[in-house]
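One structure is given below, encoded as structure tokens.
These figures come from a predicted structure and were not determined experimentally.
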Amino acid sequence: MLYDNLCLQNIKMDDKSSKIAIIGAGVVGMTVAKILQQDLRNANISILADAFTQDTVSCVAAGIFRPGTSFRGPTKEVTKKWIDESWYFWQDILKTSEAQNAGLMTLSSYIFSKENYHVTRNHLIEKLVPIYRPVDEDELKLCGEGWKYGSYFSTIKIGCEKYLPWVEKSFTENGGKIVRQRIDNFASLRSEFDLVFNCTGMGAKALCNDYDLVPLRGQVIKVRVPSLKMAFYGDYDTYVIPGLDGVATLGGVRQYDSYNREVCKHDTAAILERCYELLPFLKKSEIVAEKVGLRPHRVPVRVEPEIIDGVKVVHCYGHGGYGVMCAPGTALDAVKMGCDLLKSNMRSKI
């Protein structure tokens with residue numbers, strides 16, 4: 001696998017005394033835990049969080065692998081590296097017999113527009129995914145009336161409702177500890193842990209006094225439509241994305257700097273209107289749930305080490321609406337930074 005022995009290449013000495021905490025149990029924190037536990041098999045690793053699985057923002061997301069321009073690392077090169085490495089991470093799992101248990105599926109996708117062809121393109125993945133091409137005239141008729149431009153691409157979907165429990169099960173079976181605990185400052189962890197990974201998403205705003213981190217409010221509707229096997233995108237952030245369980249995600253909204261966690265009936269009406277225009281047959285589908293999540297948006301996404309109150313911390317947060325997709329790429333960099341910190345700590349004790 002891409003991430004095999006990442007830290008073992010850096011740390012040649014016994015790591016049994018290393019005590020490591022990961023704050024946050026969303027897709028970023030869990031992916032850091034998965035990679036870290038594989039690379040430091042003897043370390044004492046704990047996940048500390050006050051929300052797990054269904055209570056995380058990760059489980060609101062549809063989880064399709066389709067990056068947008070609001071996802072940015074410190075440079076274009078780093079951004080592309082995170083996206084590419086994430087793709088290969090998910091592909092490694094997809095090739096195993098555990099893919100379905102981990103919530104992964106391949107997905108054919110269309111993106112249509114009534115206004116501009118360029119919005120149906122995606123330079124970040126056009127050369128990465130197996131297929132990315134313009135649609136033909138017949139494919140434009142797959143949706144409602146008036147669609148003029150479109151592209152087809154093959155991608156994957158990661159369902160966090162399965163992925164998070166799958167990682168947690170493996171993590172605990174291999175000696176990892178799960179602790180339900182809210183962390184309000186890093187100083188409280190100083191005496192117990194040698195290294196801390198900060199994967200707290202929006203929680204980092206207060207924890208780190210990070211004013212560059214803002215919520216992008218999202219609202220989605222879950223509808224039962226077992227016959228839907230492909231994803232569809234339209235103008236104005238309209239999307240319909242199927243799931244493994246026959247329940248599709250309809251969206252969406254991106255409301256900058258909104259802290260509203262309640263379902264808004266006006267957003268519901270707007271989402272349904274746009275999705276019905278895209279795929280008219282959805283009008284017959286049963287609505288099974290409405291969900292709201294606050295995406296942790298930051299430019300750039302923060303992946304960097306820092307010493308805070310005497311605690312060695314590696315930050316990994318601010319992924320916005322692309323945390324599910326790009327958690328692995330950022331986690332790989334975060335784990336390498338953490339291993340470098342442990343390495344320097346061990347050398348200082350020799």
Side-chain angles (χ1 to χ4, degrees), residues 61-73 76 79-84 86-88 90-91 105-158 216 218-221 223 225 227-243 248-256 267 270-283 285 295 297 299 319-326 329:
I64 192 170
F65 197 100
R66 177 182 173 266
T69 53
S70 64
F71 177 81
R72 275 191 279 166
K76 289 182 179 179
T79 303
K80 191 66 168 65
K81 172 176 171 287
W82 285 345
I83 292 170
D84 289 358
S86 294
W87 173 262
Y88 294 121
W90 296 124
Q91 289 297 313
M105 61 184 283
T106 57
L107 192 62
S108 296
S109 306
Y110 284 101
I111 177 167
F112 295 105
S113 176
K114 294 182 178 182
E115 300 175 1
N116 295 292
Y117 174 58
H118 77 270
V119 304
T120 74
R121 302 287 299 273
N122 192 316
H123 70 281
L124 293 170
I125 60 169
E126 285 185 353
K127 295 182 180 179
L128 181 64
V129 300
I131 303 171
Y132 206 115
R133 60 166 176 78
V135 301
D136 58 32
E137 289 297 323
D138 288 336
E139 287 173 306
L140 284 174
K141 299 174 184 177
L142 288 171
C143 295
E145 301 287 334
W147 301 97
K148 298 179 181 179
Y149 312 99
S151 292
Y152 169 88
F153 62 101
S154 54
T155 186
I156 59 173
K157 180 187 184 303
I158 307 99
L216 277 183
Q219 181 172 317
V220 298
I221 303 169
V223 300
V225 53
S227 61
L228 185 67
K229 303 301 181 184
M230 295 187 294
F232 290 86
Y233 284 85
D235 294 319
Y236 311 117
D237 204 24
T238 303
Y239 53 84
V240 180
I241 302 172
T249 301
L250 278 55
V253 297
R254 293 177 185 271
Q255 296 165 350
Y256 187 83
D267 289 333
I271 291 169
L272 291 176
E273 181 181 0
R274 286 184 279 119
C275 289
Y276 290 165
E277 183 181 4
L278 182 63
L279 295 176
F281 73 86
L282 290 174
K283 294 177 182 179
S285 301
R295 308 174 181 99
H297 174 70
V299 180
H319 298 66
Y322 307 101
V324 177
M325 186 194 80
C326 288

Under the criterion side chain to side chain contact (heavy atoms under 4.5 Å, CB included), I'd like the reasoning laid out for Val299 against Phe71: C-alpha separation, chi angles, the key distance, then a yes or no.
CA-CA 7 Å; Val299 180; Phe71 177 81; over 6 Å; no

Would the distance check show the side chain of [X] and the main-chain N or O of [Y] forming a donor-acceptor pair, the cut-off being under 3.5 Å?
X	Y	answer
Lys283	Tyr276	no
Ser285	Val223	no
Asp136	Glu139	yes
Glu273	Ala270	no
Ser86	Gly329	yes

Is there side-chain contact between [X] and [Y], with at least one heavy-atom pair below 4.5 Å?
X	Y	answer
Pro242	Met230	no
Val240	Thr249	no
Thr106	Ser154	no
Thr238	Cys275	yes
Phe232	Tyr239	no
Cys326	Ile83	yes

For Arg72, does the CZ atom sit with more than 12 other heavy atoms under 6.0 Å from it, leaving out its own atoms?
no

State, to 0.1 Å, how close [X] and [Y] come at their nearest heavy-atom pair, and which atoms those are.
X	Y	value
Gly323	His319	CA-CB, 3.5 Å
Ile64	Ser109	CD1-OG, 3.7 Å
Ser113	Asp235	OG-OD1, 2.7 Å

Distance-only donor-acceptor pairs under 3.5 Å for side chains of residues 121-130, two or more places apart:
from	atom 1	to	atom 2	distance (Å)
Arg121	NE	Glu126	OE2	2.5
Arg121	NH2	Glu126	OE1	2.9
Asn122	OD1	Leu124	N	3.1
Asn122	ND2	Pro67	O	2.7
Glu126	OE2	Asn122	N	3.0

Test: Arg66 cationic atom under 6.0 Å from Tyr233 six-membered ring centre, within 45° of axis:
yes

Pair Asp237 + Arg254, salt bridge at N-O below 4.0 Å
yes

Take Met105 and Ile158, measure what side chain to side chain contact (heavy atoms under 4.5 Å, CB included) needs, and give me the verdict at the end.
CA-CA 7 Å; Met105 61 184 283; Ile158 307 99; over 6 Å; no

At what distance, to the nearest 0.5 angstrom, does [atom1] of [X] lie from [atom2] of [Y]?
X	Y	atom1	atom2	answer
Thr155	Met325	OG1	CE	8.5 Å
Lys114	Leu278	NZ	CG	9.0 Å
Phe153	Tyr110	CZ	OH	11.0 Å

Side chain to side chain contact (heavy atoms under 4.5 Å, CB included) for Gln91 and Ile156? Distances and angles first, verdict last.
CA-CA 9 Å; Gln91 289 297 313; Ile156 59 173; 3.6 Å; yes

I'd like a table of donor-acceptor pairs (distance under 3.5 Å, sequence neighbours excluded) in which one partner is a side-chain atom from residues 140-152, with atom names and distances.
from	atom 1	to	atom 2	distance (Å)
Ser151	OG	Thr120	O	3.1
Ser151	OG	Thr120	OG1	2.9
Tyr152	OH	Ser108	OG	2.9

Full working for side chain to side chain contact (heavy atoms under 4.5 Å, CB included) between Ile241 and Leu107:
CA-CA 9 Å; Ile241 302 172; Leu107 192 62; 4.1 Å; yes

Is the distance between the ring centroids of Phe65 and Trp90 under 6.0 Å?
no

